[in-house]
There are 2 protein chains.
Amino acid sequence: MRKTKGFEDGKENPEKKEASSTPRDVFSEGTAMIPKNSYELRIIQSLRRIIRAIEIHSRKLAQKHQITGPQLGCLLALLEEGPLLGTHLAKKVYLSPSTVVGIIDRLEEKGLVARERSPSDRRQVQVSISEAGRQIAANAPSPLQDRLSEALKNLPELEQVSITLALEKVVDLMEAGRIDASPVLETGPIGL
Amino acid sequence: MRKTKGFEDGKENPEKKEASSTPRDVFSEGTAMIPKNSYELRIIQSLRRIIRAIEIHSRKLAQKHQITGPQLGCLLALLEEGPLLGTHLAKKVYLSPSTVVGIIDRLEEKGLVARERSPSDRRQVQVSISEAGRQIAANAPSPLQDRLSEALKNLPELEQVSITLALEKVVDLMEAGRIDASPVLETGPIGL
DNA sequence: TTAGAAACATTCGTGTACGAATGTTTCTAA
DNA sequence: TTAGAAACATTCGTACACGAATGTTTCTAA
C-alpha cells in the first residue's frame with residue numbers, strides 16, 4: 001500500500017461540519033482543561049506518553065550500547081535467573097513467546113546469548129547468557145531512563161510507594177479479565 | 001535471519017555457573033520478594049504489563065470492531081478536533097509523524113478518513129474523518145479496556161486522582177529531558 | 001502400543017513505532 | 001531575486017509485538 005501517492009486536491013469529501021476548517025491552535029488544553037471523563041482521558045494520555053518515552057529511550061540505548069530495551073530486559077532476566085526456556089523467559093519479561101524468539105535471534109547474532117536444545121527433552125531450548133552478554137548486562141544502564149531511575153530514588157519514599165501502587169492498581173484493573181502471561185498470580189483480587 | 005534452524009545439541013558454550021542447570025520453579029517472587037531497588041523494579045514490570053495489556057486489548061478491538069487501538073485513537077482525535085494536519089494529529093495522539101502516516105493509510109483504505117492536500121499551502125495534507133469513520137468512532141468502546149474504564153469510574157475519586165497524578169508524575173520524570181511531541185508544554189516544572 | 005493431547009519453539013502475517021533520509025513547497029534574508 | 005532554511009508528508013530500514021498456524025517431541029490414556 002501507500003503506493004497511491006497520486007492524490008491531488010481531492011474534492012470528494014463533504015465532511016467539514018464542526019471545527020470550521022481553520023485549524024486554529026489545536027493545542028490549548030494539554031493536561032489542564034479536560035472536557036469529559038477527565039481522569040480516564042488523562043490516564044490514557046499519560047500511558048501513551050510513557051510508552052513513547054520508553055520507546056525513545058530504547059532507541060538511545062541502541063545507539064549508545066548496541067542493545068535495545070527489550071533485548072536488555074531479556075539479558076537481565078537471564079543474568080539473574082540463569083539459563084531459561086523460551087517460554088519461561090517470555091513470562092519473566094511479560095512478552096509473548098513469539099516475540100521473544102525474535103529478540104533472542106538478535107541477541108544470538110550479537111553473541112550475547114546462546115541457544116541449546118535440551119538433550120533430555122528435545123522440545124525445549126535453553127537460552128543462556130554468554131560472557132559478552134554478561135559484560136553488557138552489567139554495564140548497561142537501567143532499562144528505564146536514567147533520569148527517571150535517578151529521580152525516583154530521590155523522591156520521598158511515600159511518593160515512590162504511591163507511584164508503585166498506582167501502577168500496580170492499573171495493572172490489576174487491566175489484567176482483571178485474562179492475560180495468562182502473569183507468573184503464578186499471587187496478587188490477590190485487587191488488594192491495594 | 002532465523003534461517004539457521006540447523007542448530008543441534010550445541011556444546012560450544014561453557015556458561016553455566018550460577019543457577020545450577022535445573023530450571024527449578026523460576027517464578028517464586030512475583031510482586032512480593034523483590035531483591036534490590038524494589039520500587040524501580042516493580043515500576044518497570046508494571047509498565048511492561050500495562051503496555052502488554054494495551055496491546056492485547058488493541059487486538060481484541062481489531063477483531064470485534066475492525067479497528068485497532070492506535071487507529072481508534074486517531075479517529076477520536078479527528079472526531080473532536082475536526083480536520084487536522086498529519087503533524088498536528090501526531091502531536092495530539094503522542095505519536096511520531098512517520099507512525100501516523102501508516103495509521104492514516106490504513107484508515108483511509110477502510111474509508112474512515114480522507115486526505116486532502118491543502119490548496120493554500122501544498123506542503124500540507126488535511127486529514128478528515130468520514131461519515132463511516134464518525135459512526136465507528138461513536139460506537140467503538142474506549143481505547144482503554146472496558147474493564148479498566150468501568151472499574152475506574154467506580155473507584156473512589158481519591159483513588160482516581162491518586163492514579164492520575166502518579167502516572168503524570170512518571171510522565172514528567174520520563175520526559176524531563178526532551179520529547180518534543182508534547183503539545184505546548186504547560187505542565188510546569190513538575191507540580192504534583 | 002498407539003492415537004491423540006499437550007508442551008515447546010518457531011514461522012507467518014499484520015500493525016505499530018521510531019529516526020533518518022527524501023522530495024516538495026514555502027519562507028526568508030542577502 | 002534567489003539561495004538556502006524550514007515546514008511538511010512520506011519512504012525506508014529496523015525492531016517490537018501479538019495471535020494463529022506449523023512442526024517436533026513427549027506424554028497419556030484406551
Side-chain angles (χ1 to χ4, degrees), chain A residues 1-8 48 51-63 67-74 84-91 93-107 109 115-127 179-181, chain B residues 1-5 7-8 48 51-63 66-74 84-91 93-107 109 115-127 179-181:
Chain A
M1 312 94 181
R2 187 93 289 279
K3 305 281 74 162
T4 27
K5 51 157 59 167
F7 75 107
E8 300 293 312
R48 177 60 212 130
I51 293 174
R52 178 170 164 84
I54 289 176
E55 171 80 35
I56 290 175
H57 175 61
S58 174
R59 302 204 182 244
K60 292 216 176 62
L61 271 187
Q63 288 191 328
I67 195 171
T68 65
Q71 286 168 24
L72 180 55
C74 289
L84 288 178
L85 299 188
T87 321
H88 291 170
L89 177 54
K91 284 187 179 164
V93 296
Y94 296 103
L95 288 173
S96 88
S98 54
T99 299
V100 169
V101 166
I103 294 174
I104 296 302
D105 282 348
R106 288 177 284 273
L107 285 175
E109 278 168 21
R115 277 179 167 103
E116 182 176 1
R117 190 132 241 152
S118 162
S120 55
D121 184 341
R122 297 190 37 75
R123 287 171 302 184
Q124 312 184 137
V125 170
Q126 294 274 348
V127 183
I179 297 223
D180 45 356
Chain B
M1 312 94 181
R2 188 94 292 279
K3 304 283 79 168
T4 28
K5 52 158 59 169
F7 76 106
E8 301 293 312
R48 177 60 212 130
I51 293 174
R52 178 169 164 86
I54 289 177
E55 172 81 34
I56 290 175
H57 174 62
S58 173
R59 305 208 180 239
K60 292 217 175 63
L61 271 186
Q63 287 190 329
Q66 336 306 326
I67 195 171
T68 66
Q71 287 168 22
L72 181 55
C74 288
L84 288 178
L85 300 188
T87 321
H88 290 170
L89 177 54
K91 283 186 180 165
V93 296
Y94 296 101
L95 287 173
S96 88
S98 54
T99 299
V100 168
V101 165
I103 293 175
I104 296 302
D105 282 349
R106 289 177 284 272
L107 286 175
E109 278 168 22
R115 277 178 167 106
E116 182 176 1
R117 191 132 240 151
S118 161
S120 55
D121 184 341
R122 297 188 39 73
R123 285 170 303 184
Q124 312 183 137
V125 170
Q126 293 275 347
V127 183
I179 296 226
D180 44 357

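- Evaluation of atom-type donor-acceptor distances gives a pair under 3.5 Å for the side chain of B:Arg59 against the base of D:dA17.
- Here the CD-CG distance, from A:Gln126 to A:Leu84, works out to 7.5 Å after rounding to the nearest 0.5 Å.
- Rounding to the nearest 0.5 angstrom, the gap separating the CZ atom in A:Arg123 from the OG atom in A:Ser118 is 9.5 Å.
- In this structure, the nucleotide among D:dT10, D:dC16, C:dT11 sitting nearest to the side chain of A:Ile103 is D:dC16.
- Of the side-chain N and O atoms in B:Thr99, one or more sit less than 4.0 angstrom from OP1 or OP2 of C:dC18.
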*If you write DNA chain D from 5' to 3' in dot-bracket form, with Watson-Crick or G-U pairs under 3.5 Å, [ ] for crossing pairs and | for pairs with another strand, what do you get?*
||||||||||||||||||||||||||||||
Report all interatomic pairs (protein N or O, nucleotide N or O of nucleotides 25-29 of chain D) with separations under 3.5 Å.
residue : atom : partner  : partner atom : Å
D:dT26  : OP1  : A:Arg122 : N            : 3.1

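- As a whole-Å value, the separation of A:Leu84 CG from C:dC8 P is 13 Å.
- Comparing C:dG15, C:dC8, C:dT11 by their nearest atom to the side chain of B:Arg106 picks out C:dG15.
- Between the side chain of A:Arg117 and the backbone N or O of A:Arg122, at least one donor-acceptor pair lies under 3.5 Å.
- Checked by distance alone, A:Ser96 brings no side-chain donor or acceptor within 3.5 Å of a matching partner on the base of D:dG19.
- In the set D:dC16, D:dC18, C:dA17, D:dC16 carries the atom at the smallest distance from any side-chain atom of A:Gln71.
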Between N or O atoms, less than 3.5 Å apart, protein on one side and nucleotides 2-5 of chain D on the other: list the pairs.
none

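- Side-chain atoms of B:Thr68 stay outside donor-acceptor range of the base of C:dG15, with no qualifying N/O pair under 3.5 Å.
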